[in-house]
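Structure first, commentary second.
The figures here come from the full heavy-atom set of this structure, side chains too, leaving out hydrogens, waters and symmetry mates. As the structure lists them, so they are numbered: ligands from 1, and atoms in each ligand from 1.
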Amino acid sequence: MKDIQVKLLVIGAGPGGYVCAIKAAKLGIDTLLVEESKPGGTCLNVGCIPSKAVIHAADEFYKAVSFASVNELGISAQNPTIDFKKTIAWKDGIVTRLNDGVESLLKRAGANTLYGKAHFLDGKTVEVHTDEGVQKVQAETIVVATGSEPIEIPSLPFGGQVLSSTEALALTAVPESMVIVGGGYIGLEIGSAYAKLGSSITVVEASDNILPQYDSALTAPVLKRLQKLNVDVITGASAKAFRDGQLEVDLKDGSTQSLTADYVLVTVGRKPRTDCGVEELSLTMNGPFISIDNNCQTSMRGVYAIGDITGEPMLAHRAMAQGEVVAELIAGHNSVFDKACIPAVCFTDPEIVTVGISSQEAQEQNIEVSVGQFPLQANGRAMTMERDDGFIRVVARKDNGVVLGIQAVGYQVSELSAAFALAIEMSARVEDIAETIHAHPTISEGFQEACMVALGGGLHI
Ligand code: FAD
Ligand code: NAD
């Protein structure tokens, strides 16, 4: 095969890599994107999209089941059932549609795609192992966007009944029982979905709280809902081994418990995919991740890194934003990755949104803050949706009212993440939000009210 020479080579077609390639090609850069699997990466194929599809199906089924018993709405339905094979086929259909969409966006932008596994020979040369043979590619600039993969617990290797999130999102029957090791993002999103589909779920979490990165006020409504869904949560515990359908778990009091499960889903975090020969480049690392500066530039000139390979927060929208900035930089623009915030949404039930900093983080930075919190119990829209659990909380500078952080937990609050992020990106003050007319009746009125509370008093509490 004749060597390929390009201006820009992007390795990995996840949300970071494909966005970078599309943007670069649109800016007139001769771009080649290399992908060993399918376009869209973890997010589109085995992550964000498949998990949200299963969560949606589970929500709908759970609702139908609730209508089969006495309910205040007066709706009755009989014995709803689910053909889960069909559900998964529907989910796969969405994934395929989006795979095709990404391919067509790349083509229309003028970016070339090569399918195969890339391996660095040096900082300007990569070998791509394709079905047709080995293709050498030489590039002026290379962007590493190889993403991440699930962390395996050595005593609980993946395979058979021990699943990673990838297999858990491709089951063709709803399991009778599942133990989830790791009560973080993935474990609780997928665990709540299977609980709604009828599985008996136990969550084994090493920390003293589920979702330990959030404060306990934010996670309390999620824990309450898990209890309603009959999910057993064991905290301060660690899983040891799985034998003959029994998972041995060490508890914090020193005793051992044996849990019966059809499947064990291990969701204890994700690790970077550096098997493209990153080690050989001797890049400066940040723990297991590639270290980058504000421009996503690595320690080697002409080599950039974006997305999960660069560490936390491992979120699709961060990878995409980095991809765009890097494409602009390579095109000679004066860009920098200086976002005021990266919103985080946990699609549990209820959902959690955090943007900017918490009051505790403000305290650690010696910033005096005013905090305003509005309970959704006092929000009319929340009541009409039968979900008045949760709250919206605003953290603002005491001296000038500039909003530094917003945290919320509630039904469908994920959709408020854009308003929250915009407020922080635009340096809004609590007065700006409190004086903006928010449509009635909406959950977003809770945001306005939380700002009023930060200013000294809300209208509806
Ligand atoms: P990836 O999406 O991992 O893509 C990397 C690509 O590189 C892959 O396609 C891989 O095949 C390819 N690759 C790797 N090595 C090579 C090589 N040597 N040669 C060629 N190709 C290679 N994030 C959110 O923001 N919201 C969510 O709701 C959300 N839900 C999630 C749910 C689950 C179950 C999981 C697992 C993750 C979820 N995430 C979510 C995280 C999100 O998927 C990642 O942050 C995002 O995909 C990272 O994008 P990336 O481009 O860095 O890498
Ligand atoms: P996570 O870091 O969210 O949660 C892992 C959990 O496992 C933690 O609570 C941790 O204390 C626990 N844990 C670690 N070792 C353990 C052990 N041996 N036994 C029991 N518990 C243990 O990781 P994740 O859920 O695997 O998700 C990985 C990443 O994917 C997240 O950090 C996030 O960036 C991304 N993600 C995002 C979304 C979203 O944006 N909605 C959804 C899913 C995943």
Side-chain angles (χ1 to χ4, degrees), residues 10-20 33-52 54-55 114-120 126-130 143-151 153-156 164-166 168-169 180-191 203-214 234-240 249-250 265-278 305-320 322-323 342-348 351-353 414 417:
V10 181
I11 307 175
Y18 86 72
V19 166
C20 183
L33 176 64
V34 174
E35 169 56 52
E36 70 166 344
S37 181
K38 290 204 271 173
T42 302
C43 170
L44 201 162
N45 294 291
V46 293
C48 323
I49 298 296
S51 60
K52 272 69 221 178
V54 171
I55 288 169
L114 176 65
Y115 286 99
K117 187 173 167 77
H119 197 277
F120 276 101
V126 157
E127 226 174 43
V128 184
H129 297 257
T130 73
V143 176
V144 187
T146 47
S148 64
E149 60 190 349
I151 292 177
I153 297 179
S155 62
L156 275 177
S164 75
S165 54
T166 300
L169 292 168
I180 297 175
V181 181
Y185 272 87
I186 301 179
L188 294 186
E189 286 187 6
I190 298 180
V203 175
V204 174
E205 165 59 45
S207 301
D208 286 338
N209 291 307
I210 53 160
L211 294 165
Q213 66 271 52
Y214 296 127
I234 308 174
T235 54
S238 66
K240 270 188 9 197
V249 177
D250 284 342
L265 167 59
V266 179
T267 55
V268 293
R270 293 178 64 83
K271 59 178 183 185
R273 278 207 54 192
T274 49
D275 57 331
C276 58
V278 164
I306 56 174
D308 284 10
I309 188 83
T310 64
E312 297 284 355
M314 289 195 260
L315 298 171
H317 42 278
R318 168 178 174 260
M320 291 191 216
Q322 288 178 321
I342 302 168
V345 176
C346 188
F347 292 85
T348 39
E351 294 169 343
I352 296 177
V353 179
S414 55
S417 61

- prompt: If you round to the nearest 0.5 Å, how far is OH of Tyr115 from CD of Glu36?
  reply: 12.0 Å
- prompt: Hey, does Ala206 come in under 3.5 Å of ligand 2, counting only N/O atoms on both sides?
  reply: yes
query: Do any nitrogen or oxygen atoms of Tyr185 lie less than 3.5 angstrom from nitrogen or oxygen atoms of ligand 2?
result: yes
task: Below 4.0 angstrom from a heavy atom of Gly307, which ligand 1 atoms are there? Numbered from 1 as shown, please.
output: 52 (O)
query: N/O to N/O below 3.5 Å, does that happen between Ser37 and ligand 1?
result: no
With a 4.0 Å cut-off on heavy atoms, does [X] reach ligand 1?
X: His119; result: no
X: Lys52; result: yes
X: Val345; result: no

- request: Heavy-atom contacts with Phe347 under 4.0 Å: which atoms of ligand 2 show up? List them by number with element.
  value: 41 (N)
task: Specify side chain, backbone, both or neither for Ile153, according to which of its non-hydrogen atoms lie closer than 4.0 Å to ligand 2.
output: side chain
task: Please work out whether any backbone atom (N, CA, C, O) or any side-chain heavy atom from C-beta onward of Ser148 is under 4.0 Å from ligand 1, and answer side chain, backbone, both or neither.
output: backbone
message: I need the contact type for Asp308 against ligand 1. Using non-hydrogen atoms and a strict under-4.0 Å cut-off, is it side chain, backbone, both or neither?
response: both
message: One thing to verify: whether Lys117 and Asp275 come together as a salt bridge, which I'm taking to mean a side-chain N less than 4.0 angstrom from a carboxylate O.
response: yes
query: Strictly under 4.0 Å, does any heavy atom of Ser207 approach an atom of ligand 2?
result: yes
task: Provide, to 0.1 Å, the distance between atom 16 (C) of ligand 2 and the closest protein heavy atom, together with that atom's residue and name.
output: Val268 CG1, 3.4 Å
- prompt: Among all protein non-hydrogen atoms, which one is nearest to atom 34 (O) of ligand 2, and what is the separation to 0.1 Å?
  reply: Met314 O, 2.7 Å
